[in-house]
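Single-structure report; data block below.
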Amino acid sequence: MPTTVPSADPFSAAPPQLRAALARQGFTSLTAVQRAVLDAESAGRDLRISSQTGSGKTVALGLLLAPSLVTEGAARTAARRPAGPAALLIAPTRELAVQVGAELRWLYADLSGVAVAVVTGGTDPVRERSTLERGPAFVVGTPGRLLDHIRRGALDVSGVAHVVLDEADQMLDMGFREDLDAIVDHLPAERRAHLVSATFPPAVRALAGRFQPNALHVEGTRLGAANEDIAHVAHLVRPTDRYATLVNLLLRSLGQRTLVFVRRRVDATEVAERLTEDGFSAAAFSGELSQVQRTRTLHAFRNGTLQALISTDVAARGIDIPGISSVVHLDLPTDGATYTHRSGRTGRAGQKGLSVLLVPTTEHRRVEQLFARAPFELSWQPPPTAAEVRKAHTKRTRRRLHGLLDASADPQREESGGDVVEATTPGSGDPPLDKHREYAKRLLEERDATEVVAALLALSEPPLPRDPIAIEAVRASGPRERDRRPPRHRGDDGRRRSHQKPRGAPRKGKRFDKKTHASRSQRP
DNA sequence: AAAAAAG
């Protein structure tokens, strides 16, 4: 959230035509990365923008490009050149492209003649084609479809003045390499190229040189700075208890949105199906789904119809869904960067968030290595027990009761809560307690007050979708029984002298690297 | 090593 700065015009650094849009969107000041991008030094340079997720990088970019979009657009209209876009933004997933496009649209709402088009796979190419024919100044898209339009002549990128790679570290990764090169081959040589990413590990920086021989590095929030709103918790569980732990976690946070990450598409589908059978409101999200399904599912998660979304890493980056109270890593992330991106889906816009790692005992050591240099504290805790889950449920019911009582005492007061999934709060209409008041008086005359309240509490506690599951706690550093090797020799005190060989050497480039993330000792 | 991205 932008912090308020007492100033005549908090947006004085922004292009004048965009200030009204910023105010309409509820901005009260520019974020660090936005101010940094608008700094005079940035003029005319290729930028390498690194900043924490959710820090307003897209808007920063929009602010940067707006003036030249207006100028280029006008120049090309005057010259009667074919109306290809002046700016191109390439994103690694379809949903991200859509989201970025939407953000640029509200930002450019007052810029007449500057339209934003989004082109992605999974949608009707003919409709996109006709959108492109209208000559949008800014085109946002995913690599495959962009290239498709370019090759078919539907998209003329010869007039592109700015090309932007969003989530640049991933875009420069192997999988996107070919398409990206092919697109860039069509761009004019004199274009400016901007890379946007949370992190720029050495491997990415090496590749980045091909796009930006002489880039200016712009840092919004300090590289690797931790989001203080996110708590990081690890539960050590037996591999067979992972699903049970997930069930307990979901029961504990019933009524709140949880994003669950798994490794493979098939896992997403299977876990979602199993959760649904267990009475949860859950769905899978992965590249296995049709685009229609993907959009529909994400919408259902956004509007609160779904409590849990079980996703592959397709949703790990950039996706902004308000109100995700926790992220669960059912499968461990492959590396530090993936962990950071996944976790960044919670704790957004100043809200508190929880990131929970389910660590199979077999992976204990690897996880400790992975997080040894993380810029935050990973808190190892026993998984939630069945008793804790039930207690949380009772507490939740009592909180709703207090909400009702407070609302009844003071109707002006906003209902507290934050429960987004279940219809836990009565709809606005008649004051909810009115029709019960007469009977309540009679009941209290006839019965013992404590008994009446206790009975009502019992009645008001909704049934859980399913019973919480007993999970056996695992000792934090104990090797599994079958991993234990016979002691080689014992000392006089009978204790083992030799320890087993560390399993698995640290993997190169997989950890929270000093180059990509600040280490803990560098924390302010 | 998997996922994503073009049908």
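Each chain gets a letter, A, B and so on, in the order the sequences are listed, and its residues count up from 1.
- Atom CD of A:Q25 has more than 12 neighbouring heavy atoms from other residues, nucleotides or ligands inside a 6.0 Å radius.
- Among B:dA4, B:dA2, B:dA1, the nucleotide with an atom closest to any side-chain atom of A:D173 is B:dA2.
- Residue A:R264 has its side chain nearest to B:dA3 when only B:dA4, B:dA3, B:dA6 are considered.
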Does A:S379 form a side-chain hydrogen bond (donor to acceptor under 3.5 Å, both in side chains) with A:Q381? I'd like the steps, not just the answer.
CA-CA 6 Å; A:S379 165; A:Q381 292 172 19; 2.9 Å; yes

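- Computed from coordinates, the A:R177 CZ to B:dA3 C1' distance equals 18 Å when rounded to whole Å.
- Rounded to a whole Å, the CG atom of A:L146 is 14 Å from the C1' atom of B:dA4.
- If you take CG of A:D179 and P of B:dA5, they are 11 Å apart, rounded to a whole angstrom.
- The distance between atom CG of A:D124 and atom P of B:dA6, rounded to the nearest whole Å, is 14 Å.
- Distances shorter than 4.0 Å separate some side-chain N or O of A:T312 from OP1 or OP2 on B:dA4.
- A donor atom on one side chain and an acceptor atom on the other are not found under 3.5 Å apart for A:Q307 and A:R257.
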What's the verdict on side chain to side chain contact (heavy atoms under 4.5 Å, CB included) for A:F285 and A:L259, showing C-alpha distance, side-chain angles and the deciding distance?
CA-CA 10 Å; A:F285 186 74; A:L259 179 55; over 6 Å; no

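- Between A:F261 atom CZ and B:dA3 atom P there is a gap of 14 Å when expressed in whole angstrom units.
- Among the heavy atoms of the strands lying under 4.0 Å from A:G175 is at least one base atom, whether or not backbone atoms are also near.
- Taking atom CZ on A:R129 and atom P on B:dA6, their separation rounds to 16 Å, with Å as the unit.
- Counting only heavy atoms from C-beta on, A:P143 has its side chain closest to B:dA5 among B:dA5, B:dA4, B:dA1.
- Side-chain nitrogen and oxygen atoms of A:T142 include at least one within less than 4.0 Å of the OP1 or OP2 phosphate oxygen of B:dA6.
- Contact between the side-chain N/O atoms of A:R151 and the OP1/OP2 oxygens of B:dA6 is not found at any separation under 4.0 Å.
- Side-chain proximity of A:T334 to B:dA1, B:dA5, B:dA4: nearest is B:dA1.
- Here B:dA5 is the nucleotide among B:dA6, B:dA3, B:dA5 with the atom lying nearest to any side-chain atom of A:F176.
- The distance from atom CD1 of A:I319 to atom C1' of B:dA3 is 14 Å, rounded to the nearest whole Å.
- Distance from the side chain of A:R263 is smallest to B:dA1 among B:dA1, B:dA6, B:dA3.
- Per the geometry, CD belonging to A:Q170 stands 8 Å off C1' belonging to B:dA3, to the nearest Å.
- Under 4.0 angstrom from either OP1 or OP2 of B:dA4 there lies at least one side-chain N or O belonging to A:R265.
- No cation-pi contact links A:R466 to A:F280, judged by a cut-off of 6.0 Å to the six-membered ring centre and 45° from its axis.
- Here A:R152 lies out of heavy-atom contact (under 4.0 Å) with every strand.
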